[in-house]
Structure formats: C-alpha cells, structure tokens
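See structure below.
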Amino acid sequence: MRSRTPDRLCAEAVDLARAAAEEAAMPGMVGAHIDAVADGDRVVTHLFACEEPGYRGWRWAVTVARASRAKVVTLDESVLLPGPDALLAPEWVPWSERLRPGDMGPGDLLPTEAEDLRLEAGYSGEDQPPPNSVVAEGMAAEIADTEEADVLPGSPAAQPAPARGSIAAVAEELGMARARVLSRYGLHAAADRWEEAYGPKTPMAQAAPATCMTCGFLTPLAGSLRQAFGVCANEFAPADGRVVSLSYGCGAHSEAAVMPKPPKPAEPVLDETVVEPVALRPEPDGGSVEDTGPAEELGHS
Ligand code: SF4
C-alpha cells in the first residue's frame with residue numbers, strides 16, 4: 001500500500017496555495033493554514049480557514065501538484081469546502097413533505113397521490129349484486145311497477161337512477177358513490193386532529209360549564225363520525241364552524257348560563273303633603289324661572 005505522506009515539495013508550497021486562495025476569496029477572508037492532505041502521489045491539498053462570517057467552519061482547499069522528477073509545484077484548483085463543523089443548509093426536502101396545514105392559498109392546486117393512505121376506492125359502478133341476492137331480485141319487480149306507474153316522460157324522475165335496493169343506491173345513500181372516499185386510516189387521522197384541536201383535553205373544554213353534546217348550537221354530522229363529533233354553529237363560540245368533539249364545550253353553551261334579568265325600576269314616590277309651584281312658561285324678560293318661594297306644606301298654615 002502506498003504511503004499517504006504528503007509530497008515534501010508540494011507540502012512546502014503553502015505560499016503558492018495561500019496566494020491562490022486569496023485570489024479566489026474576498027480580501028482578508030483567508031485565515032490560518034490548517035492542514036496539508038495528500039490526495040495522491042505528488043498531489044497535496046492545503047486547507048486554510050475561511051473568515052467569511054456566513055461560512056463558519058468552511059475551509060479554502062487549494063490543491064497543488066508536481067510532475068514526476070520535476071521540482072516545480074503547480075496549482076491545480078482552489079475551492080471552498082465545508083469542514084467537519086461547517087454550518088450547512090438543511091437537507092433538501094420535497095415540497096410535498098414540506099407542506100403544512102394552512103399553506104394553500106387561492107388558486108393553488110394540491111395533487112393527491114394515487115396511493116394516498118387517507119383515501120380508498122369508492123363505488124366504481126361496475127359492481128353488481130350477486131346473482132342469488134334475494135333483496136336485489138325481489139326489489140327489481142317492485143321498482144319496475146313503480147316506475148311504470150309514476151314516472152312521466154321528460155320529468156326529472158325519468159333520469160336514470162340507481163334501482164332501489166341495489167348496491168349503487170346504497171352506495172349513493174352512504175356517500176360512497178365517488179371515485180375515492182375516506183379510508184379508515186384517513187378517518188382516524190381526521191378524528192385525532194379534531195379531538196386534539198377541539199376535544200375534552202383543551203383548556204376551553206376543561207373550564208366549560210357543559211359539553212357540546214347538550215348544546216343547542218351543535219349540528220350533527222352524517223356517518224360514523226357523528227358518534228363523536230358535530231359542528232358548532234354559534235357565531236360567538238371559539239369553535240364556530242369547526243368540527244368539535246361531543247366532549248368539548250365552551251362558555252357559550254346554549255343552556256349553561258342564564259341571561260341576567262333587567263333591573264326592576266323603583267316604584268314612583270308620590271308625596272301628597274308638599275306643594276311644588278311649577279312655572280308653565282318662561283318669564284317675559286328672558287330670565288330664568290324664579291323660584292316662587294319655599295314649598296308649602298299642606299295643613300301647616
Ligand atoms: S357553543 Fe360551545 S358548547 Fe355549544 S356547540 Fe359550540 S363549542 Fe360546543
């Protein structure tokens with residue numbers, strides 16, 4: 001195995017290497033000589049500290065070489081390279097992994113991968129009830145009779161619709177008649193997110209007088225999620241328009257607080273023992289109404 005001891009003449013060419021580094025760098029940005037590394041036979045790279053503030057830990061690497069039996073060392077290249085403690089940019093991350101909730105703006109398009117785990121195939125329209133399906137066969141005759149009797153030509157009802165009792169009708173009723181629908185994984189992920197944002201462990205719910213389950217502003221969801229979630233429809237609530245857990249709650253609960261009654265005015269006091277003279281019109285000289293004297297008390301003349 002060949003020795004990796006730097007060639008002596010190349011290792012001694014520090015001034016040549018420094019001059020090359022200073023030519024490439026900004027003035028005064030080449031620091032102390034750090035090392036001389038043998039890259040091969042008569043090929044040595046000199047390392048100088050980089051003093052650029054934005055390149056902490058980087059080093060100027062200047063490679064010099066000489067030909068066999070030649071005494072003249074020549075310059076190969078000079079380049080700025082990161083050292084072991086260099087400050088480096090973070091590893092590049094694809095945009096699809098950098099995307100965060102709320103990043104999308106108007107007009108943005110977000111493609112969904114074909115293998116997105118949050119989705120699975122909906123009803124494709126190609127499935128048919130099994131040939132021996134009692135329900136489908138029994139329904140077929142009934143539907144035929146109904147259509148003949150009730151549907152007028154040209155009416156909306158004359159449009160092709162899934163036969164009652166068929167897989168297509170059930171899929172449409174359940175909201176499955178789409179190219180893709182939420183998978184079990186997607187459903188659980190959404191439920192976890194909503195539970196974290198508007199669930200029973202939030203400070204708002206902990207301090208609430210009652211839960212959303214008993215609140216008149218709760219609007220139920222459809223499907224299996226309605227067992228645990230609803231939508232808040234109270235414009236004064238912090239969760240207005242949001243999916244909330246049934247165990248969530250807030251101070252705007254419809255039944256938790258009673259509106260305070262307006263204060264009852266005091267009964268008017270009628271003192272029938274005193275006469276108070278009241279001027280019906282201002283005095284002619286424009287002055288203020290004169291006090292006509294102390295009030296007379298009845299029964300004290
Ligand atoms: S007003 Fe408060 S308690 Fe009622 S549904 Fe909305 S978040 Fe729940």
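Because only heavy atoms are used, hydrogens play no part in the values below, and waters and symmetry mates are left out as well, while side chains stay in. Since we're looking at a predicted model, the values are computed, not measured.
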Could you tell me whether [X] atom [atom1] has more than 12 heavy atoms of other residues or ligands within 6.0 Å of it?
X	atom1	value
Glu12	CD	yes
Glu113	CD	no
Glu23	CD	no
Arg66	CZ	yes

Provide the closest heavy-atom pair for [X] versus [Y] in the form atom of the first, atom of the second, distance.
X	Y	answer
Cys250	Pro209	O-CD, 3.6 Å
Cys10	Arg42	SG-O, 3.5 Å
Asn234	Ala252	ND2-O, 3.2 Å
Ala239	Cys232	O-CB, 3.3 Å
Leu99	Leu110	CD2-CD1, 3.4 Å
Pro238	Tyr248	CG-OH, 4.0 Å

If you measure from [atom1] on [X] to [atom2] on [Y], what distance do you get to the nearest 0.5 Å?
X	Y	atom1	atom2	result
Thr219	Arg226	OG1	CZ	11.0 Å
Thr74	Leu16	OG1	CG	8.0 Å
Ser245	Met213	OG	CE	8.0 Å
Leu218	Leu246	CG	CG	6.0 Å
Arg184	Leu117	CZ	CG	14.5 Å
Asp39	Asp7	CG	CG	12.0 Å

Is there side-chain contact between [X] and [Y], with heavy atoms separated by less than 4.5 Å?
X	Y	result
Phe48	Arg18	yes
Pro200	Glu195	yes
Leu221	Val231	yes
Arg180	Thr112	yes
Trp60	Cys50	yes
Leu88	Trp58	yes
Leu81	Leu47	no
Pro84	Arg59	yes

In this structure, would [X] and [Y] fall into the same cluster of hydrophobic residues linked by side-chain contacts under 4.5 Å?
X	Y	value
Leu187	Tyr185	no
Val30	Val62	yes
Val181	Leu225	no
Leu75	Val44	yes
Phe229	Met204	no

| said: Does the plane of the ring in His33 sit parallel, tilted or perpendicular to the ring in His46? Use 30° and 60° as the thresholds. | reply: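 Answer is tilted, since the angle falls between 30° and 60°.
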Does any N or O in the side chain of [X] come within less than 3.5 Å of the main-chain N or O of [Y], such that one atom is a donor and the other an acceptor?
X	Y	result
Asp35	Val37	no
Arg56	Leu87	no
Arg242	Ala233	no
Ser254	Phe217	no

| message | Distance alone, cut at 3.5 Å: any donor-acceptor contact between the side chains of Thr63 and Thr45? | response |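 Yes, side-chain donor-acceptor contact under 3.5 Å.
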